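Below you'll find the structure, written out as structure tokens, and then a few comments.
In what follows, residues are counted from 1 in the order of the sequence shown. These numbers come from a predicted model, not from an experiment.
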Amino acid sequence: MKKIEAIIKPFKLDEVKEALNEVGLKGITVLEAKGFGRQKGHTELYRGAEYVVDFLPKVKIEVVLEDSQVERAIEAIQQAAHTGKIGDGKIFITTVEDVIRIRTGERGRDAI
């Protein structure tokens, strides 16, 4: 099993959710996040004063899935989240040792 964590622009969330649904994923977790990468934030002008906005709004999507679904999920996220502009985000893939469904006690594949 793998865990995919994707950091994307907030306005791309619906497109990514639909794309993951189309490849057969049943559930995702979505978190609001703030951060910066190479873009290092930006400066804004407010009432005549310039200030730096270090942390930009992002959305973090987490999905745990079987190894056989990983490549399709990555492609779906990449295509749906892509704008071609700086700050499109990143995708992280990690190995998951075990999953346990709290309600039933199911483990592994059955718990996803």
Side-chain angles (χ1 to χ4, degrees):
M1 292 177 290
K2 301 285 189 212
K3 179 179 183 181
I4 296 176
E5 295 175 88
I7 311 293
I8 63 169
K9 292 182 175 185
F11 68 90
K12 286 294 198 170
L13 177 59
D14 286 335
E15 290 176 53
V16 171
K17 183 181 83 169
E18 288 174 24
L20 288 172
N21 193 29
E22 286 176 15
V23 297
L25 291 177
K26 297 177 182 131
I28 65 172
T29 300
V30 177
L31 304 153
E32 290 185 19
K34 291 186 178 202
F36 66 88
R38 288 184 182 165
Q39 66 207 83
K40 304 272 194 277
H42 62 277
T43 58
E44 288 187 5
L45 201 59
Y46 180 72
R47 293 189 179 186
E50 190 174 280
Y51 66 100
V52 176
V53 178
D54 288 336
F55 297 103
L56 301 173
K58 299 290 181 180
V59 172
K60 181 179 181 181
I61 297 170
E62 296 181 353
V63 181
V64 176
L65 37 75
E66 295 180 42
D67 292 342
S68 62
Q69 297 177 301
V70 171
E71 285 306 316
R72 288 194 340 253
I74 291 169
E75 287 177 26
I77 294 168
Q78 277 183 300
Q79 290 175 2
H82 182 265
T83 67
K85 297 190 172 111
I86 194 163
D88 271 355
K90 294 218 174 21
I91 300 172
F92 304 96
I93 299 104
T94 54
T95 301
V96 174
E97 298 227 1
D98 202 1
V99 177
I100 302 163
R101 185 184 310 271
I102 294 172
R103 180 176 54 87
T104 63
E106 294 172 296
R107 294 183 84 117
R109 286 181 57 186
D110 296 332
I112 293 181

Practice item. Any chance you could lay out the side chain to side chain contact (heavy atoms under 4.5 Å, CB included) test for Glu66 and Arg109, step after step, and finish with the verdict? Key: CA-CA 7 Å; Glu66 295 180 42; Arg109 286 181 57 186; 3.2 Å; yes
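- Two residues are said to be in side-chain contact when any heavy atoms from C-beta on lie closer than 4.5 Å; Ile7 and Val59 fail this criterion.
- When every heavy atom of Val23 is checked against every heavy atom of Ala76, the shortest pair comes out as CG1-CB, 4.1 Å.
- Here the CD-CG distance, from Glu32 to Leu13, works out to 9.5 Å after rounding to the nearest 0.5 Å.
- Contact detail for Pro57 and Pro10: the closest heavy-atom pair is O-CD, 3.4 Å.
- The heavy-atom pair separating Lys9 from Gly87 by the smallest distance is CE-O, 3.2 Å.
- Looking at Ile4 and Ile77, their side chains come closer than 4.5 Å, going by heavy atoms from C-beta outward.
- Hydrophobic clustering (ILVMFWY, side-chain heavy atoms < 4.5 Å, transitive): Leu56 and Val30 are in distinct clusters.
- Among the candidates Leu65, Val16, Leu20, Asn21, the single residue satisfying the side-chain contact (heavy atoms from CB on, under 4.5 Å) test with Ile28 is Leu20.
- Atom-to-atom distance recorded for Gln78:CD and Glu75:CD is 7.5 Å, nearest 0.5 angstrom.
- Residues satisfying the side-chain contact (heavy atoms from CB on, under 4.5 Å) test with Glu62, not counting sequence neighbours, are Lys3, Glu5, Thr29, Leu31, Lys60.
- The two atoms that bring Gly27 and Val63 nearest to each other are O-CG1, 4.1 Å, heavy atoms only.
- Grouped by direct or indirect side-chain proximity (heavy atoms under 4.5 Å, Ile/Leu/Val/Met/Phe/Trp/Tyr only), Val99 sits with Met1, Val64, Val96, Ile112.
- Between the side chains of Lys2 and Thr94, not a single donor N or O lies within less than 3.5 Å of an accepting N or O.
- Ion pairing between a basic and an acidic side chain is recognised when a charged N comes within 4.0 Å of a carboxylate O; Glu15 and Lys12 show such pairing.
- Going from atom CD of Glu71 over to atom CD1 of Ile74 covers 4.5 Å, rounded to the nearest 0.5 Å.
- Side-chain contact between Thr83 and Phe11: present, with at least one pair of heavy atoms (C-beta onward) separated by less than 4.5 Å.
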Practice item. Using the salt bridge (charged side-chain N to carboxylate O under 4.0 Å, His left out) rule, take Asp98 and Arg107 through it: C-alpha gap first, then chi angles, then the decisive distance, then the call. Key: CA-CA 7 Å; Asp98 202 1; Arg107 294 183 84 117; 2.5 Å; yes
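- Checked by atom type and distance alone, the side chain of Asp88 pairs as donor or acceptor with a backbone atom of Gly84 at under 3.5 Å.
- In terms of heavy-atom proximity, Leu25 sits nearest to Ala73 at CD1-CB, 3.9 Å.
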